[in-house]
Number of protein chains: 2
Amino acid sequence: MTGMLTIAGLGPGDAALITPEVAAALADATDVVGYAPYVARVAAREGLVRHASDNRQELQRAAEAMRLAAEGRRVVVVSSGDPGVFAMASAVFEALESSPQWQGLVIRVLPGVTAMLAAAARAGAPLGIALYNPRSASRPEGFARALEVLNEAGCGDRITIFAHAVTTADERIDALPLRDARPDMADMRTLVIVGNSTTRRAGRWIYAPRRAS
Amino acid sequence: MTGMLTIAGLGPGDAALITPEVAAALADATDVVGYAPYVARVAAREGLVRHASDNRQELQRAAEAMRLAAEGRRVVVVSSGDPGVFAMASAVFEALESSPQWQGLVIRVLPGVTAMLAAAARAGAPLGIALYNPRSASRPEGFARALEVLNEAGCGDRITIFAHAVTTADERIDALPLRDARPDMADMRTLVIVGNSTTRRAGRWIYAPRRAS
């Protein structure tokens with residue numbers, strides 16, 4: 001086995017947020033594997049095979065990537081954002097654990113800018129709780145329940161940021177008190193940040209002071 | 001006012017983790033402002049003034065940066081990692097809130113790869129809780145107390161990762177059960193990740209499965 005399996009994060013959308021480390025791995029790859037919209041973010045070029053798959057095919061996708069790497073190819077598994085935040089790194093290690101024949105593969109994980117950080121940067125410095133993929137197709141009720149729980153816990157005043165498609169042409173950032181947040185304000189491209197108890201507005205910015213005052 | 005104030009994250013240490021967006025801001029800057037070790041990561045060049053300050057000078061540093069930007073300069077305030085994670089973005093907005101004369105400044109926040117993501121990538125995909133700056137000079141007792149609380153809460157078995165100086169030449173990654181973790185295993189360049197209840201080893205990797213099994 002002389003192949004290499006790289007698990008890389010493409011950042012939230014804007015190519016200017018792809019790290020040079022990830023760009024170099026993509027430039028050197030023979031194969032890119034991932035969910036179709038993420039694979040589409042890697043430009044086609046001679047010598048590169050792009051393997052696009054449907055969502056919720058993570059384990060099969062991971063096994064396919066390991067099989068290719070075991071044949072000696074230089075494979076990059078791509079995720080949006082960071083590969084360790086609700087993305088492909090876990091699936092690859094899960095597939096690896098159940099596949100003794102691939103234990104010898106050279107594997108590396110390359111971090112990326114996760115949507116939480118990009119969304120927080122657009123808003124200012126709000127910190128707080130981040131909710132990824134709040135309107136997941138497989139768990140549509142989770143976000144409504146999270147809003148209920150937070151409201152019941154007395155967090156209705158907290159500034160809540162809906163960051164849609166951050167760093168892409170479709171970006172839209174809205175902020176409102178948690179009590180006014182509704183589940184249908186989010187879709188699958190939205191990241192929600194719930195500020196902490198000190199998070200507040202300063203002009204167009206939303207930030208959490210360094211120490212509670 | 002025609003200046004520009006950019007608050008940027010340099011990533012955890014390796015230049016290959018500085019986003020192209022941040023690199024472009026640094027290339028265009030007239031002034032770089034920040035804690036001395038971070039300013040030192042920006043190469044000197046003609047036309048660039050580097051303003052290095054001591055730690056815990058955040059508010060003065062933020063005010064100095066705004067003053068320079070108000071004079072029409074292109075100022076980049078640099079932090080390690082991401083500027084919104086225990087870094088300079090909050091301090092700038094705090095200074096801005098108390099300084100009406102600077103409300104008109106053009107400000108932007110550029111995200112970076114935070115140490116949590118780089119440390120998690122080195123280990124695999126462990127998720128869990130991340131503790132930044134566990135041995136803070138101003139709060140040295142906090143980490144010992146956190147370990148106590150987690151042990152008392154029944155988390156002694158959890159895999160705990162000490163990631164020292166991640167992505168630099170001094171990088172060292174250690175992992176052990178939380179019950180064996182000692183406060184003096186961390187210093188100011190260490191990030192600690194406490195795995196969740198499902199986090200486990202797969203060969204040299206540490207990962208949390210996508211769903212609890």
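Quick note: numbers below take in every heavy atom, side chains included, and nothing from hydrogens, waters or symmetry partners. In what follows, chains carry the letters A, B, and so on, assigned in the order in which the sequence lines appear, proteins first and then strands, with residues in each chain numbered from 1.
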Checklist entry - A:A89: what forms a side chain to side chain contact (heavy atoms under 4.5 Å, CB included) with it, not counting sequence neighbours? => result A:I7, A:P83, A:F93, B:A125
Can you check whether chain A and chain B share any donor-acceptor pairs under 3.5 Å, and give the atom names and distances if they do?
from   : atom 1 : to     : atom 2 : distance (Å)
B:A16  : O      : A:E21  : N      : 2.9
B:E21  : N      : A:A16  : O      : 2.9
B:S90  : OG     : A:A208 : O      : 2.6
B:E94  : OE1    : A:R210 : N      : 3.2
B:E94  : OE1    : A:R210 : NE     : 3.1
B:E94  : OE2    : A:R210 : NH2    : 3.3
B:E97  : OE1    : A:R200 : NE     : 3.1
B:E97  : OE1    : A:R200 : NH2    : 3.1
B:E97  : OE1    : A:Y207 : OH     : 2.3
B:E97  : OE2    : A:R200 : NE     : 3.1
B:R200 : NE     : A:E97  : OE1    : 3.1
B:R200 : NE     : A:E97  : OE2    : 3.1
B:R200 : NH2    : A:E97  : OE1    : 3.1
B:Y207 : OH     : A:E97  : OE1    : 2.3
B:A208 : O      : A:S90  : OG     : 2.6
B:R210 : N      : A:E94  : OE1    : 3.2
B:R210 : NE     : A:E94  : OE1    : 3.1
B:R210 : NH2    : A:E94  : OE2    : 3.3

Checklist entry - What's the shortest heavy-atom distance between A:L117 and B:P111, and which atoms? => result O-CB, 3.8 Å
Checklist entry - Mind checking what makes side chain to side chain contact (heavy atoms under 4.5 Å, CB included) contact with A:P20, not counting sequence neighbours? => result B:P20
Checklist outcome for this item: From the list A:L110, A:I107, A:V22, the residue making the most non-hydrogen contacts under 4.5 Å with chain B is A:I107
Checklist entry - Between B:G124, B:G84, B:A15, B:G11, which has the largest tally of heavy atom pairs under 4.5 Å with chain A? => result B:G124
Next on the checklist: Among B:G112, B:A23, B:A119, which residue has the highest count of heavy-atom pairs closer than 4.5 Å to chain A?
Outcome noted: B:G112
Next on the checklist: The criterion is side chain to side chain contact (heavy atoms under 4.5 Å, CB included); which residues satisfy it with B:A36, sequence neighbours excluded?
Outcome noted: B:A52
Checklist entry - Of the backbone (N, CA, C, O) and the side chain (C-beta and beyond), which part of A:A91 lies under 4.5 Å from a heavy atom of chain B, both, or neither? => result both
Next on the checklist: Quick check on A:I18 against chain B: is it the side chain, the backbone, both or neither that has a heavy atom closer than 4.5 Å?
Outcome noted: backbone
Checklist outcome for this item: Turns out that what part of A:I206 lies under 4.5 Å from chain B's heavy atoms comes down to neither
Checklist outcome for this item: Note: vs chain B, highest number of non-hydrogen pairs under 4.5 angstrom among A:P126, A:A121, A:A87 is A:A121
